[in-house]
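Computed over heavy atoms, backbone and side chain alike; hydrogens, waters and symmetry mates excluded. In this text, all values refer to a predicted model and were calculated from it rather than measured experimentally.
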Amino acid sequence: MNNKLYWESFRTFFKIGMFTLGGGYAMIPIIEEEVVNRHKWVRKEEMLDLIAIAQSCPGVFAINIAIFIGYKLNKVRGAIATTLGTALPSFMIILIIAMFFKQFEDNAVVAAMFRGIRPAVVALIAVPTFNLGRRAELNKFTIWIPVISALAIWALGVSPIWIIIVAGIGGYIYGRIAL
């Protein structure tokens, strides 16, 4: 990977990190647009696998996906470029907020802005979730898996770690039986 590609990958992930509210899942459509459609660094099928792996790994989803894509581009140096690009905007924004928070913490306008942002963030997370479900080729035999998993986490307080472990074991058993 030449220096131009390091800079391009850093700049791409910096832009993703700068203009995305709502965390890693809200970044999925932007990451996909940039990485799959625009730059063609990853195929659409690979992107779904990267998303699954990134959310299964410990750590911040956006950083995980940046690491995987950067590593695919150029091993460790590529991963460093994309990771810095992803993390730097959030770091700078939080640093600025921390410097001026006391001046704005009781400001009604700022509080109203955040109340307006919350529903938009829910939509930013919901859309990629539905798109992932569609690409995962859920059908009448498999749709129960994410539904029961979500209900178990939400209603029963089951740890997502247990959901991942059970789903992995179930997938292994199904693979051994069906294949």
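Note: the hydrophobic cluster containing Phe130 does not contain Met27 (ILVMFWY, side chain heavy atoms under 4.5 Å, direct or indirect links). Under a hydrophobic clustering in which Ile, Leu, Val, Met, Phe, Trp and Tyr are joined whenever their side-chain heavy atoms come within less than 4.5 Å, directly or via other members, Ile165 and Ile148 fall into different clusters. Under a hydrophobic clustering in which Ile, Leu, Val, Met, Phe, Trp and Tyr are joined whenever their side-chain heavy atoms come within less than 4.5 Å, directly or via other members, Ile173 and Trp144 fall into different clusters. Residues Leu138 and Leu151 are members of one and the same hydrophobic cluster, defined by side-chain heavy-atom contacts under 4.5 angstrom among Ile, Leu, Val, Met, Phe, Trp and Tyr. Residues Leu156 and Val166 do not share a hydrophobic cluster, defined by chaining ILVMFWY side chains whose heavy atoms lie under 4.5 Å apart.
Between Ile97 and Ile93 there is a side-chain heavy-atom pair separated by less than 4.5 Å. Phe68 places none of its side-chain heavy atoms less than 4.5 Å from the side chain of Glu46.
Within a 6.0 Å sphere centred on CD1 of Ile161, heavy atoms belonging to other residues, nucleotides or ligands number 12 at most.
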**Report entry** Verdict with reasoning, Asn64 to Ile53, per side-chain contact (heavy atoms from CB on, under 4.5 Å)
**Finding:** CA-CA 8 Å; Asn64 289 346; Ile53 294 167; over 6 Å; no
Query - Trace of the side-chain contact (heavy atoms from CB on, under 4.5 Å) decision for Ile16 with Phe13 - result: CA-CA 5 Å; Ile16 291 166; Phe13 277 88; 4.1 Å; yes
Query raised in the report: Do Tyr6 and Leu73 pass the side-chain contact (heavy atoms from CB on, under 4.5 Å) test, and can you show the C-alpha distance, the side-chain angles, and the key distance before you say yes or no?
Result: CA-CA 9 Å; Tyr6 284 120; Leu73 291 175; over 6 Å; no
Query - Working for side-chain contact (heavy atoms from CB on, under 4.5 Å), residues Arg43 and Val36 - result: CA-CA 6 Å; Arg43 291 186 334 272; Val36 175; over 6 Å; no
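Distance check, rounded to the nearest 0.5 Å: CZ of Arg11 to CD of Glu34 gives 9.5 Å. Note that OH of Tyr71 and CG of Leu50 are 13.5 Å apart. Values are rounded to the nearest 0.5 Å. To the nearest 0.5 Å, atoms OG1 (Thr83) and CG (Leu88) are separated by 11.5 Å.
Using modelled atom types, no side-chain atom of Asn74 and backbone atom of Arg77 make a donor-acceptor pair closer than 3.5 Å.
Taking all atoms of both residues into account, the shortest heavy-atom contact from Ile65 to Met47 is CD1-CE, 4.2 Å. Across Ala87 and Ile63, no two heavy atoms sit closer than the pair CB-CD1, 3.7 Å. Closest non-hydrogen pair, Thr86 versus Ala66, comes out as OG1-CB, 3.2 Å. The two residues Trp41 and Ser9 make their nearest non-hydrogen contact at CH2-CA, 3.5 Å. Considering every non-hydrogen atom in both Phe10 and Leu84, the closest pair reads CE1-C, 3.7 Å. When all heavy atoms of Ile28 and Phe61 are compared, the closest pair comes out as CG1-CE2, 3.7 Å.
Each of Lys40, Glu33, His39 was compared with Asn37 under the side chain to side chain donor-acceptor pair (under 3.5 Å) criterion, and only Glu33 meets it.
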